[in-house]
Amino acid sequence: MFFMPSVLPKVELSYNQSSNSSFFLVLFDYGYCPVGLFCAATTRLIVKHKWEINKGEDQYRNKINFDCTFSGKSYNVIFSAFSAHYEVCLVGEALPQVKYMIYQNINDVIAKICENMKYPSPSYGFYCPKMCRCGDVSYPQNQHPAKCTFSDESKQMKCYYSGKPSDLTEEHKQWFPPPLQEQKVSQEQ
């Protein structure tokens, strides 16, 4: 099988508004997504982590629908490339361990590609929950990124524009490394 996302048509993306999904953002401190990274990450997810293209959905250069299997159950993950960040969206419900495995797969491929291409490592975050009025007009409804910061004392996100901190919710924390959940989840090969 050969898959090259860069030859697919591009689609106009909208910001995630679904209440039946959860997601995180891959952020780049230099304000744009590196050229070629989305295509390389998509193909590595297919080859290395055995994610499968969701054949029931349309695929685009900047939005790929995957089916990935963890502990024998299939999950729909939408990987989208906006101009300044990527959005990783899990459609439907999943255990926290599954969210963490999805994060690990994404982090693994993007960190390796950035290292090989000599790009700075990305950071991770969510849309700013404060909806502060300092956001960039390129983000609809003032929905803009907030970067996660982790320390021994706290786990929070800071607005990209105002620097205002917000605590991570339990939903947010499920995407990131432990405290480890009691039950281990393995990815099926």
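Worth knowing before you read on, the calculation uses all heavy atoms, side chains too, and leaves out hydrogens, waters and symmetry mates.
Contact annotation: the side chain of Y103 never approaches that of V88 to less than 4.5 Å [non-hydrogen atoms, C-beta and beyond]. Using a 4.5 Å heavy-atom threshold, the side chains of N65 and I53 count as separate. Residues L25 and F82 have side chains not in contact (no heavy-atom distance under 4.5 Å, counting atoms from C-beta outward). Counting heavy atoms from C-beta on, the side chains of F79 and W51 never come closer than 4.5 Å. Within the 4.5 Å cutoff, the side chain of V109 has no heavy atoms near those of the T42 side chain. K147 is listed as a side-chain neighbour of D29, based on a closest heavy-atom distance under 4.5 Å. Two residues are said to be in side-chain contact when any heavy atoms from C-beta on lie closer than 4.5 Å; I46 and F66 meet this criterion.
Taking CG from N105 and CZ from F70, the interatomic distance works out to 4.5 Å, rounded to the nearest 0.5 Å. How far CD of Q156 is from SG of C148: 9.5 Å, rounded to the nearest 0.5 Å.
Listed by chain and residue number, nothing satisfies the side chain to side chain donor-acceptor pair (under 3.5 Å) test with N62 (two or more places apart in sequence, or in another chain). For E12, the salt bridge (Lys or Arg N to Asp or Glu O under 4.0 Å) criterion is met by no residue, not counting sequence neighbours.
A donor-acceptor pair under 3.5 Å links the side-chain atoms of Y86 to the main chain of F38, judged by distance alone. Checking side-chain atoms of Q59 against main-chain N and O of E57 turns up a donor-acceptor pair under 3.5 Å.
Across D58, V11, L8, a single residue satisfies side chain to side chain contact (heavy atoms under 4.5 Å, CB included) together with K63, and that is V11.
Annotation: salt bridge (Lys or Arg N to Asp or Glu O under 4.0 Å) contacts involving residues 99-109, sequence neighbours excluded, comprise K48-D108, K99-E171.
Relative orientation of the F126 and H172 rings is tilted, given thresholds of 30° and 60° on the angle between their planes. The aromatic rings of Y30 and F28 sit tilted relative to each other, their planes meeting at an angle between 30° and 60°.
Nearest heavy atoms, A41 versus I110: CB-CG1, 4.1 Å.
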